[in-house]
Amino acid sequence: MAEWKTNNLSCVNVWSTLFIMRQHRKTFKKAGDLKMKELLFYNPTLTDPELKFEAEGIADFLDIVFKNTYRAKYEAGVDRDKAFTDITNILIDKEKTMAELAEQVDKDYEF
Amino acid sequence: MKRVICFFVMALVIGRLHAQDTARVTSLESLKDKLGLFTPFLEGTKFKDVANLILNDPVMYNNLWGRVYNNLREKDSRQVLKNLNIQFKTFQANDSNKTSLGLGYNWNYDINRKKNTDYERSGFLAKLMAEGNVAFKKELNPLDFQQAKISFGRYGFAGGTVNKSSAEITASLNAINQKLVAIDDEDELVNSPLWNELTEAMDIKNHYHYELGALAGWEGSQDFKKSQLTYGAQFRVSAKAYSNRNALAQLNVLDYPFALIRYLTGTDGTIEPYGASLPIVTFGIDMVNPSADEERKVLTGNEDQFARFRFEAGFRTLMADVKTMPIYFNAAFRYFNEFNAPGLVKQANLNRFSYFTCSISGSDTYFASYSYGKLPFDRTTNAIYELGFKLGL
């Protein structure tokens, strides 16, 4: 189980940015266990390529906010494509949780 | 009902075992002895019926596949198989009471996405994909449309930019976030003015994502009796407005009925469409070579290729947030129309296909769905049922 803590900026920024994007309405305490399929973008009637397309849009926006608003840097060995692909792969996996998404963000970004 | 019957029978079997012999299984021989106890019981019941119920239950197969898939996706060396999704389900056409176990499958793979270059928001893309539905009794497959495609094109993002924060501003935004994470009440959180402070500092612009490409592939029925080769071009776009009060968000006419529902259920305090739920749309022009479509050949007397327009759209929005459980409305629409179709093809209604599907879903706890129409090669036009085995919405 990935750690979900208020003193971890990856957790807080993932939660806060997805809230602003209207992807969820959960309090921080409850959002860690929220699964990707419970986010607004995860339309189960889409084809896989369509769903991935939507997930890529979310991943791109998260990357912009992390870089610009929260002045994050990529960790050593990580570039835009790796971070983008990592986030997208979590987003399209319906059983992954927000805590697991934050854990991946923590590996790719330094806040 | 099937689960209840299976559970009841299993309870009977286990109860019988305990009643006759409570000794532990210590060896293979003792296990065989114990299994022998079942023989008269099983012969005396409708074991085959129960076995059939179990063997035709998609839940069991989904659980098995789930284990295999979890194993696959954790291994980086198996990237090609990572996006293979299989869902077992029961098919039933509306003109028949018979059902068939089957599966839906989809797979996609980006051939060249990983470039390891500097920061870029656009680039060249090559993809492979396959999807369809296979019923183990093919005559009962109402969704008999399989396709495999390769596509090349250009993808990109535009907008979505936010202000570049100074260190001081970032620190103040972090402080706001810390106040927000401390809020434990969902209503208080949703209505907190701190969100406005955050978004005003970010100054979020509308976000656009596009993909323009050429694609070629195969479409057909599961027994390959009908098939056609296609090639063409498509444009896919998704626009999102994360501020609801701008013009793009107001253009989300699909969301107005749901904005009203959200208002009436107390989910939102105002009637406001969500810019974040704007639909994803795809436009395509396909050249179709009906190389193995006997039905069309009989009608037209030839296998001449034809041009086809394609439109696809997907939409999902929040209907209500009931006791902290979000209820979503999900929908997809697909439309195919042959240009200048011959009269006989039109008379046979083979020139135009449309398919609409929608569902209302909660957090794994509620599900209802409706589908109408048909895709090329589908057998029926009317409502189609997938009987309550939609695991993990």
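Just so it is clear: chains get the letters A, B, ... in the order the sequence lines come, proteins before strands, and each one is counted from 1.
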Task: pair Asp93(A)-Met36(A): side-chain heavy atoms closer than 4.5 Å - done: no

Is chain A contacted by the side chain of [X], its backbone, both, or neither, given a heavy-atom distance below 4.5 Å?
{"X": "Phe315(B)", "answer": "backbone"}
{"X": "Ser192(B)", "answer": "neither"}
{"X": "Thr282(B)", "answer": "side chain"}
{"X": "Glu131(B)", "answer": "side chain"}
{"X": "Tyr105(B)", "answer": "neither"}
{"X": "Ile183(B)", "answer": "backbone"}
{"X": "Ala167(B)", "answer": "both"}
{"X": "Val237(B)", "answer": "backbone"}

Write down the atom of [X], the atom of [Y], and the distance for their closest heavy-atom approach.
{"X": "Tyr208(B)", "Y": "Ala239(B)", "result": "CD2-CB, 3.6 Å"}
{"X": "Ala55(A)", "Y": "Ile92(A)", "result": "CB-CG2, 3.5 Å"}
{"X": "Asp60(A)", "Y": "Phe84(A)", "result": "N-CE1, 3.9 Å"}
{"X": "His24(A)", "Y": "Ala31(A)", "result": "CE1-CB, 4.4 Å"}

Open item on the list: If you count heavy-atom pairs within less than 4.5 Å of chain B, which of Asn13(A), Thr69(A), Val12(A), Leu51(A) leads?
Closed with: Thr69(A)

Between [Y] and [X], is there a salt bridge with N-O shorter than 4.0 Å?
{"X": "Glu211(B)", "Y": "Lys127(B)", "answer": "yes"}
{"X": "Glu75(A)", "Y": "Lys82(A)", "answer": "no"}
{"X": "Lys37(A)", "Y": "Glu95(A)", "answer": "yes"}

For chain A, find which of [options] contributes the most heavy-atom pairs closer than 4.5 angstrom.
{"options": "Ile176(B), Asp321(B), Thr357(B)", "result": "Asp321(B)"}
{"options": "Leu198(B), Thr199(B), Asp185(B), Asp184(B)", "result": "Asp184(B)"}
{"options": "Ala313(B), Ala331(B), Ser277(B), Pro326(B)", "result": "Ala331(B)"}

TODO: Report the residues that fulfil ring-ring contact (aromatic ring centres under 6.0 Å, His included) with Phe235(B), sequence neighbours left out, ordered by chain and then residue number.
DONE: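 Partners of Phe235(B) by the ring-ring contact (aromatic ring centres under 6.0 Å, His included) criterion come out as none, since no residue qualifies.
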
Task: For chain B, which residues of residues 14-21 of chain A have heavy atoms nearer than 4.5 angstrom - done: Trp15(A), Ser16(A), Phe19(A), Ile20(A), Met21(A)

If the plane angle is over 60° it's perpendicular, under 30° parallel, otherwise tilted; pick one for [X] and [Y].
{"X": "Tyr155(B)", "Y": "Phe157(B)", "result": "perpendicular"}
{"X": "Tyr74(A)", "Y": "Tyr109(A)", "result": "tilted"}
{"X": "Phe311(B)", "Y": "Phe333(B)", "result": "tilted"}

Using non-hydrogen atoms and a 4.5 Å limit, figure out which bit of [X] sits close to chain B: side chain, backbone, both or neither.
{"X": "Leu34(A)", "answer": "neither"}
{"X": "Lys26(A)", "answer": "both"}
{"X": "Leu62(A)", "answer": "neither"}

Open item on the list: Looking only at the aromatic ring of each residue, does the gap between the centers of Tyr370(B) and Phe356(B) stay below 6.0 angstrom?
Closed with: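 Ring centres of Tyr370(B) and Phe356(B) not closer than 6.0 Å.
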
